[in-house]
Amino acid sequence: MGQEHSPSPERRPSFLISLALFAVAMAAMAWLKLSLLPERYVSLSYVLPLLLCLWHKDRRLLWSMAVGFSAISALKTVEMLAGRVGTAPFDVLRWLMELMNIGVVAVTIHLVLNLTGRLRGKNAEMARANSELTAQREEIAGQNAELQAQSEELTQQNEELQQQGEELARQNEELLQQAEELDRQSEELQTQARELQAANQELNHRQSMLQTLLGSLGGAPDEHQMLERVCQALVALIGQPGAVAAMLERVGDELVLRTQSGSPKLTDVRRPFARSFAALVLEHNRTAFVDDLLARPDLVVPQPAGCAFRSVLAAPLRLDGKPLGVVKIYAAAPGTWTGEQFRIIEWVAAQCSLALKIMRLQESVAHANRTLEEQVRERTASLQDLVNELEHFSYTITHDMRAPLRAIRGFAGTLEGLLQTDEPGEVKDCLERITRSARRMDRLITDALNYSKAVRQELSLSPVDAGELLRGIVESYPDLQPPKARIRIEAALPRILANEAGLTQCFSNLLDNAVKFVQPGKLPEVRVRSEVRDGVARFWFEDNGIGIPEAFRPRLFQMFQRAGKTYEGTGIGLALVRKVAERMGGRVGVECPPATGSRFWVDLKLAAASAEHDAEAGQSAQTSCGQANHDPGRSGPH
């Protein structure tokens, strides 16, 4: 509440100031009129000093000065009449006019002072009235604040007010006594409460539907069921009668229907992407709608059997920021889509895009895990086979290398005894046997090293001309040339993807075995040809040798396997052929037709730039070379 202010009462004029002003004015006027200008009338009026009373506001001073000025005027008139008899009437008239002037001015100033006093009183009354009005305004403002607080309290306790009707009625009666305005506000609050209650019910319904949508995003076992549940929830959230929700994805130049919900159903699963409404949405990458499809004949919109959609609302699906497809709502009746429906479909599209990204990432991770597990299993199995093979290799090579050493030691002891008996023939025989054992041991170590290298070393593959490689092998080894052997190689052999060093070991071992395992006195003949099928070249090595016993064939390509002691060898050559072929992504095998020798084959992949198979594959060429010594710097046949 503001503090009330009353106007201060009018102060009484100071007597001393009034006396001083009277004395000064009388003295100045008497000096001017009587002493300075005794014989002349001047135009200086007696009114001017009287105007000081408007400032000092003393009525006693006013009338005292008026009487004093009248006396001075009379005294001056008397003195002047005594000296000028002819102008007496005129001077008397002038004196009367001065008296009238002094009286009129004095009366006027007196009236002005009275009016000023009255106005000051009125102002004081108005100030008091204003103070009272201010106090009343502040009191009304306080009451309004109380009423506003009561209104807010009524808003918060609306539900309690419904249950406490009798108390509300009593309070309403009291409020009606205070102000009719409060009654109107109470009715408005009740209306707002009913609207809020209806809005709360609608929000609760929407909240339950959103929870259903979130549940469909998180609990679906696969992508199709998740999209189907999202469409069902979207139809319920939109609340449009006869609405159909659909998820469509762009695949190339087609628009594929992933799933839909609502009735009637769309029948076309695939349709052209061009001129579709989805193409427009994906081009601009934003939510769009058409109020009436009849007004847009340029858009191709799928229609169900027996009826037609009239309006559509669509939002883009994005994956990693790029448009992937669209979420659509079709309606059977034309109409404007609301802002709330816009927000719902955009929110559903955003959540669906996130769920699709998560599910596809999970599928990618699961596929990568499966691939990695498969690679780990294959690598583990390969390593286990390699470990087993190396264990077998180390055990067998240790055992087989002891035989030449025992032979060398035995023949050395025999040689020592023969040297004491002086028998040159037997000494020479022992030395030859020692030499043969040493050569066998050297071949065994060389083959073992080659096999170990083939097992451990990574083989880089590149295109290799098989025909040129085979001819080079034949030219390099005397045992493969006439008169010791006759080898025919097809004129046109394909280019294959292989490691040249490894392929040389593979082919040279097969050729060496073909010319070695023949009956005594028979000229070895070998034919090398090829077949191409499904990107794979099969090389045949056909000989006229002794063949391979059927019981020995399953163990033919294993380490240290020999069919007999008649023919010299280490038993590593064919195992090396198999290992090198497998490291190059190929296979090996053998066929033994009755009484025709052996037919070994090797399968290897064709090179990417391999020439087409020559139609004249039946032609062959003989290669004849002179005898030469074995080159120790290159792996030869064993």
Side-chain angles (χ1 to χ4, degrees), residues 1-26 45-69 100-158 160-161 167-193 196:
M1 299 289 289
Q3 185 178 0
E4 295 184 1
H5 298 280
S6 59
S8 59
E10 183 180 1
R11 291 181 298 175
R12 190 176 185 84
S14 173
F15 175 75
L16 294 177
I17 295 175
S18 299
L19 182 61
L21 290 175
F22 177 76
V24 170
M26 291 300 296
S45 176
Y46 294 100
V47 176
L48 293 177
L50 294 177
L51 295 178
L52 291 174
C53 295
L54 293 176
W55 167 73
H56 190 54
K57 297 181 179 64
D58 189 353
R59 295 176 181 83
R60 294 174 300 175
L61 175 61
L62 173 67
W63 290 109
S64 297
M65 290 174 64
V67 172
F69 290 160
M100 184 180 298
N101 187 18
I102 292 172
V104 169
V105 171
V107 172
T108 302
I109 293 175
H110 183 83
L111 293 176
V112 169
L113 292 178
N114 287 339
L115 290 175
T116 303
R118 291 179 183 177
L119 288 175
R120 189 177 294 110
K122 292 292 183 179
N123 288 335
E125 291 178 0
M126 290 179 66
R128 287 193 297 270
N130 287 335
S131 299
E132 293 176 359
L133 289 175
T134 301
Q136 292 177 359
R137 188 180 298 109
E138 292 178 354
E139 183 178 358
I140 291 173
Q143 292 178 356
N144 289 336
E146 293 178 359
L147 291 176
Q148 182 66 27
Q150 291 175 359
S151 299
E152 293 177 357
E153 184 178 358
L154 288 174
T155 302
Q156 297 175 356
Q157 299 176 352
N158 185 47
E160 296 180 2
L161 291 175
E167 182 68 14
L168 179 62
R170 184 181 63 80
Q171 291 178 1
N172 284 334
E173 290 177 0
E174 294 177 357
L175 292 174
L176 286 173
Q177 294 175 0
Q178 295 177 2
E180 294 181 357
E181 182 65 19
L182 184 60
D183 184 28
R184 184 183 62 81
Q185 294 179 357
S186 178
E187 292 178 357
E188 292 179 356
L189 289 175
Q190 291 178 358
T191 303
Q192 293 177 0
L196 287 175

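Basis for what follows: all heavy atoms, side chains included, without hydrogens, waters or symmetry-related copies.
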Looking only at heavy atoms, what is the nearest atom pair of [X] and [Y], with distance?
{"X": "L62", "Y": "C53", "answer": "CA-SG, 3.5 Å"}
{"X": "S64", "Y": "F22", "answer": "O-CE1, 3.3 Å"}
{"X": "F69", "Y": "A25", "answer": "CE2-O, 4.0 Å"}

Stepwise, does the side-chain contact (heavy atoms from CB on, under 4.5 Å) test hold for Q178 with E146? CA-CA 11 Å; Q178 295 177 2; E146 293 178 359; over 6 Å; no
Qualifying residue for side-chain contact (heavy atoms from CB on, under 4.5 Å) with T116, from V112, N114, L119: V112
[atom1]-[atom2] distance between [X] and [Y], expressed to the nearest 0.5 angstrom:
{"X": "L51", "Y": "M65", "atom1": "CG", "atom2": "CE", "answer": "9.0 Å"}
{"X": "L19", "Y": "L61", "atom1": "CG", "atom2": "CG", "answer": "9.0 Å"}
{"X": "Q150", "Y": "E174", "atom1": "CD", "atom2": "CD", "answer": "9.5 Å"}
{"X": "L154", "Y": "Q185", "atom1": "CG", "atom2": "CD", "answer": "9.5 Å"}
{"X": "R59", "Y": "S18", "atom1": "CZ", "atom2": "OG", "answer": "12.0 Å"}
{"X": "Q156", "Y": "L189", "atom1": "CD", "atom2": "CG", "answer": "11.5 Å"}

Between the side chains of R128 and E132, is the shortest nitrogen-to-carboxylate-oxygen separation below 4.0 Å, so that they form an ion pair? no
Any side-chain heavy atom of [X] sitting closer than 4.5 Å to one from [Y]?
{"X": "L21", "Y": "W55", "value": "yes"}
{"X": "T191", "Y": "E188", "value": "no"}
{"X": "W63", "Y": "H110", "value": "yes"}

